[in-house]
Amino acid sequence: MSVPRIVQDGRIGQVDATVVPRFAGPATFARLPRIDEVSDVDVAVIGVPFDAGVSYRPGARFGPAHVRESSRLLRPYNPAADVSPFASQQVVDAGDLAVNPFSLDEAITQIEAGARSMLERAGRLVTIGGDHTIALPLLRAVAAQHGRVAVVHFDAHLDTWDTYFGATHTHGTPFRRASEEGLIDTSGCLHVGTRGPLYSSRDLVEDKELGFHVVPSVEIDDLGARGIAERIRDRVQDRPVYLSIDIDVLDPAFAPATGTPEAGGMTSRELLAVLRSFGQLNLVGADVVEVAPAYDHAEITGIAAAHTVYEILSALAPREEAP
């Protein structure tokens, strides 16, 4: 059955919330059209329900569905960014990639193939995970299209460890593998919001050797959102940027439902404010990962993740050139 939708400048947007209540209607991200309901696609939101790479709490395989459900209240106009992200570009929900839950290696191959296939139709992908293992195959697909990219990585953790229990592909290793494979521009990458204990000081030395600068959580009070945005802009400059956000960059007060929570993180307001600065960067793709809904009271984490995706979509929206 067809539903009334907001249509602006020929682009099909959300289900009209003045006609269909937000708790009804399709369960797509922000109640956007499915990919089979449009002809041209600028940005595809896609889920990867996979968490076989986690090292502590499982459950992020249910993240995409949970974030979609938590996105029902999102509205068409973003006043903080002064943009209507669904009117200036055709955004769709492309559903989920179905990948092998028992084989890490096969799943990584399937995610890369699925992302490459989707990028043949959509200009940009915004992916909802799933655990952070998925960043590696996504970077492979994006680098095949754009060349080496500057990775801006929001996370409590570095995710540049070598192995875990002998496994080279886990949610703690994607950016080491990406650096080793030559997928990232090592002169333009950085982590934001890292905190908590490490195995040794060598972790930071190796991380720097892999091409990352760090803006740790302990500096956020002094820098503020504007200072963080300036650090990011100075580091990436005009390079193509891939944005990877582990929801555990937020303090557990704002995102309790995640696999490896660490105290002392960013607030939702701080994260969203920094993300608005990405509208001035050459953003080519993004992921939001590690939402584990079994631990989510009142959709606290799901709502934070849904608004995070919304700010990314707003950053991807075309801006009018200043006169």
Taking C-beta and beyond as the side chain, do Thr127 and Val288 meet within less than 4.5 Å on heavy atoms? no
Are Leu138 and Tyr242 close enough that some pair of their side-chain heavy atoms sits under 4.5 Å apart? yes
Report yes if some heavy atom in the side chain of Leu183 is under 4.5 Å from a heavy atom in the side chain of Leu136; otherwise report no. yes
Hey, does the side chain of Thr109 reach the backbone of Asp105 with a donor-acceptor pair shorter than 3.5 angstrom? yes
For Glu37, what residues pass the side-chain contact (heavy atoms from CB on, under 4.5 Å) criterion, not counting sequence neighbours? Arg5, Pro33, Arg34
Ser84 side, atom OG; Asp9 side, atom CG - distance, nearest 0.5 Å: 9.5 Å
Those residues that, when tested against Phe23, pass ring pair (Phe, Tyr, Trp, His ring centres under 6.0 Å) (two or more places apart): none
Which residues pass the side-chain hydrogen bond (donor to acceptor under 3.5 Å, both in side chains) test with Asp131, sequence neighbours left out? Thr133
For Asp207 and Asp203, what are the C-alpha separation, side-chain angles and deciding distance, and is it a side-chain contact (heavy atoms from CB on, under 4.5 Å)? CA-CA 6 Å; Asp207 185 77; Asp203 292 344; over 6 Å; no
Check: Asp93 main-chain N/O paired with Arg68 side-chain donor or acceptor under 3.5 Å: no
More than 12 heavy atoms of other residues, nucleotides or ligands under 6.0 Å from OH of Tyr295: yes or no? yes
In this structure, OG1 of Thr170 is separated from OH of Tyr164 (nearest 0.5 Å) by 8.5 Å
Just say parallel, tilted or perpendicular for the rings of His157 and Trp161, cut-offs at 30° and 60°. tilted
Do Ile232 and Phe154 come close enough that some side-chain heavy atom pair is under 4.5 Å? yes
For His153, ring pair (Phe, Tyr, Trp, His ring centres under 6.0 Å) partners two or more places apart: His132, Phe175, His191
By side-chain hydrogen bond (donor to acceptor under 3.5 Å, both in side chains), which residues pair with Gln90, not counting sequence neighbours? none
Side-chain contact, heavy-atom cut-off 4.5 Å: Thr160 with Ser179? no
With side-chain contact (heavy atoms from CB on, under 4.5 Å) as the criterion, how do Val149 and Arg239 come out once you've worked through the C-alpha distance, each side chain's angles and the decisive distance to 0.1 Å? CA-CA 7 Å; Val149 293; Arg239 297 172 177 86; over 6 Å; no
Who are the side-chain contact (heavy atoms from CB on, under 4.5 Å) partners of Asn282, not counting sequence neighbours? Pro240, Val284
I'd like to know whether CD of Gln280 has more than 12 heavy-atom contacts from other residues, nucleotides or ligands below 6.0 angstrom. no
Starting from Val309, can I reach Phe254 by hopping between I/L/V/M/F/W/Y residues whose side chains sit under 4.5 Å apart? yes
Does atom OH of Tyr77 have more than 12 heavy-atom neighbours from other groups under 6.0 Å away? yes
Less than 4.0 angstrom from a charged side-chain N to a carboxylate O is my criterion; do Arg202 and Glu209 meet it? yes
What residues form a side-chain hydrogen bond (donor to acceptor under 3.5 Å, both in side chains) with Ser268, not counting sequence neighbours? none
Return yes if a side-chain donor-acceptor contact under 3.5 Å exists between Glu299 and Ser70, otherwise no. yes
Met266 vs Asp251 side-chain heavy atoms within contact, under 4.5 Å: no
Between the side chains of Glu262 and Arg195, is the shortest nitrogen-to-carboxylate-oxygen separation below 4.0 Å, so that they form an ion pair? no
Going by the side chain to side chain donor-acceptor pair (under 3.5 Å) test, which pairs reach into residues 10-19, not counting sequence neighbours? Asp16-Thr18
With respect to Leu316, which candidate in Asp42, Leu243, Val43 satisfies the side-chain contact (heavy atoms from CB on, under 4.5 Å) definition? Val43
What I'd like to find out is whether the side chain of Leu275 reaches to under 4.5 Å of the side chain of Ile245, using heavy atoms alone. yes
Joint hydrophobic cluster, Val249 plus Tyr310, side-chain heavy atoms closer than 4.5 Å: yes
If the threshold is 4.0 Å, N to carboxylate O, is there a salt bridge linking Arg276 and Asp82? no
Once side-chain hydrogen bond (donor to acceptor under 3.5 Å, both in side chains) is applied, do any residues pair with Thr194, and if so which ones, sequence neighbours excluded? none
Return all side-chain donor-acceptor pairs below 3.5 angstrom for residues 117-125, not counting sequence neighbours, or 'none' if the list is empty.
| from | atom 1 | to | atom 2 | distance (Å) |
| --- | --- | --- | --- | --- |
| Arg121 | NH2 | Ile35 | O | 3.2 |
| Arg121 | NH2 | Val38 | O | 2.8 |
| Arg124 | NE | Leu283 | O | 3.3 |

Side-chain donor/acceptor of Thr186 to backbone N/O of Gly211, under 3.5 Å: no
Any non-hydrogen side-chain atom of Pro85 less than 4.5 Å from a side-chain atom of Val91? no
Residues 148-165 vs salt bridge (Lys or Arg N to Asp or Glu O under 4.0 Å), sequence neighbours excluded, gives Asp162-Arg177
Applying side-chain contact (heavy atoms from CB on, under 4.5 Å), name anything that partners Ala17, two or more places apart in sequence or on another chain. Arg22, Arg31
